Amino acid sequence: MKAKEPEALLTRNLIAETESLLAAQERALLADHQLCASDLAILNRLEKKGPRSVNQIAPKVGLTSGSMTTAVQRLKRRHLVTTGKDPKDARKVRVEITSEGQAALKKLTAERAALFTPLMASLNPRESKVLVALLKKIRKASR
């Protein structure tokens, strides 16, 4: 007889499986734009917080300094960001989203919303609010 899985592990597995399915759909969408998840995270961060140094952005988007430099160079080649010396510390590289980057991010955000809205529509408004609250609670407890 198979042992019953503890509730905490069942919940964790369901979260992981759901994230895996959603991430695969998002990766396909990003690939259509020749972007990856870290590119999206960098563009979102710059859009929300304004110009930042590589070292300020990297930990917030889950990249090492080296990976961050590679990602910024990739985005720079596509004219989605620009780089320059940080006015407060010339030793640091400052990254800024371009108008092309803003336009690409706006289009991608609309496409992501169109992808995920029907999936989330399987929840009624109350269920959606409860789910968000519960996920935030788990995230906070994980820190």
Side-chain angles (χ1 to χ4, degrees), residues 4-143:
K4 186 176 178 186
E5 188 173 26
E7 193 72 24
L9 293 180
L10 174 64
T11 301
R12 170 65 184 113
N13 291 341
L14 284 169
I15 291 170
E17 290 169 13
T18 303
E19 169 53 20
S20 181
L21 291 168
L22 295 175
Q25 292 179 38
E26 188 166 51
R27 275 192 305 276
L29 177 63
L30 289 168
D32 289 344
H33 292 271
Q34 298 161 352
L35 294 170
C36 64
S38 58
D39 295 338
L40 175 62
I42 293 165
L43 292 172
N44 269 322
R45 189 84 187 165
L46 291 170
E47 178 69 17
K48 288 179 183 154
K49 300 293 184 176
R52 293 284 185 264
S53 73
V54 168
N55 292 337
Q56 287 176 309
I57 303 168
K60 299 295 185 184
V61 298
L63 295 177
T64 64
S65 181
S67 296
M68 181 67 192
T69 299
T70 301
V72 167
Q73 292 306 316
R74 183 174 55 246
L75 292 169
K76 188 176 176 181
R77 280 192 301 274
R78 298 203 41 219
H79 308 287
L80 301 177
V81 301
T82 59
T83 59
K85 291 186 187 251
D86 190 311
K88 295 178 184 171
D89 185 345
R91 298 170 296 170
K92 294 180 181 177
V93 174
R94 187 179 91 154
V95 185
E96 186 171 355
I97 191 168
T98 64
S99 59
E100 287 180 56
Q102 290 171 328
L105 183 59
K106 184 177 180 179
K107 181 177 184 199
L108 187 55
T109 299
E111 289 180 21
R112 289 175 66 229
L115 173 66
F116 291 120
T117 297
L119 299 175
M120 300 308 167
S122 65
L123 302 175
N124 67 43
R126 183 182 175 283
E127 291 170 330
S128 182
K129 286 180 183 178
V130 168
L131 177 61
V132 168
L134 292 173
L135 289 172
K136 284 181 177 179
K137 192 172 186 178
I138 292 169
R139 182 179 66 190
K140 184 177 181 182
S142 298
R143 292 185 175 165

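Quick caveat, the model's predicted, so the values are computed rather than measured.
- Residues Val81 and Glu96 form no side-chain contact, since every pair of their non-hydrogen atoms from C-beta on lies 4.5 Å or further apart.
- With Thr117 contributing its side chain and Ala114 its backbone, the two residues share no donor-acceptor pair below 3.5 Å.
- Residue Leu22 comes nearest to Met120 through the heavy atom pair CD1-CE, 4.3 Å, listed as atom of the first residue, atom of the second, then distance.
- Minimum heavy-atom separation, Leu14 to Thr18: O-OG1, 2.8 Å.
- Take Glu127 and apply the salt bridge (charged side-chain N to carboxylate O under 4.0 Å, His left out) test, not counting sequence neighbours, and it matches no residue.
- Applying the side chain to side chain donor-acceptor pair (under 3.5 Å) test to Lys76 and every residue at least two apart in sequence or in another chain returns Thr83.
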Problem set entry | Leu30 and Leu108: CA distance, side-chain angles, deciding distance, side chain to side chain contact (heavy atoms under 4.5 Å, CB included) verdict | CA-CA 8 Å; Leu30 289 168; Leu108 187 55; 3.4 Å; yes
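- Shown here are the salt bridge (charged side-chain N to carboxylate O under 4.0 Å, His left out) partners of Arg52, two or more places apart in sequence or in another chain: there are none.
- Residues passing the side chain to side chain donor-acceptor pair (under 3.5 Å) test with Arg74 are Asp39, sequence neighbours excluded.
- Counting heavy atoms from C-beta on, the side chains of Leu75 and Leu35 come closer than 4.5 Å.
- For the side-chain contact (heavy atoms from CB on, under 4.5 Å) test, residues two or more places apart in sequence or in another chain that qualify with Ser53 are Asn55, Gln56, Asp86, Lys92.
- Screening residues 130-143 for side-chain hydrogen bond (donor to acceptor under 3.5 Å, both in side chains) gives no qualifying pairs among residues at least two apart or on separate chains.
- Using a 4.5 Å cut-off on side-chain heavy atoms (C-beta onward), Leu80 and Ile97 make no contact.
- Rounded to the nearest 0.5 Å, atoms SG (Cys36) and CG (Leu40) are 9.0 Å apart.
- Residues satisfying the side chain to side chain donor-acceptor pair (under 3.5 Å) test with Asp89, not counting sequence neighbours, are Arg91.
- Identified under the side-chain hydrogen bond (donor to acceptor under 3.5 Å, both in side chains) test for residues 19-30, with sequence neighbours left out: Glu26-Arg112.
- In this structure Thr109 satisfies the side-chain contact (heavy atoms from CB on, under 4.5 Å) test together with Leu105, sequence neighbours excluded.
- Looking at residues two or more places apart in sequence or on another chain, you find a side-chain contact (heavy atoms from CB on, under 4.5 Å) between Gln34 and Arg78.
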Counting only pairs under 3.5 Å, give me each side-chain donor-acceptor contact of residues 59-66, with atom names and distances, residues two or more places apart or in other chains.
residue: Thr64; atom: OG1; partner: Ser67; partner atom: N; Å: 3.1
residue: Thr64; atom: OG1; partner: Ser67; partner atom: OG; Å: 3.1

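- Residues satisfying the side chain to side chain donor-acceptor pair (under 3.5 Å) test with His33, not counting sequence neighbours, are Glu111.
- Of all the heavy atoms in Ala113 and Pro118, the pair that sits closest is O-CD, 4.3 Å.
- Annotation: the span from Glu47 atom CD to Leu43 atom CG amounts to 9.0 Å, rounded to 0.5 Å.
- For Leu46 against Val95, the heavy-atom pair with the smallest separation is CD2-O, 3.4 Å.
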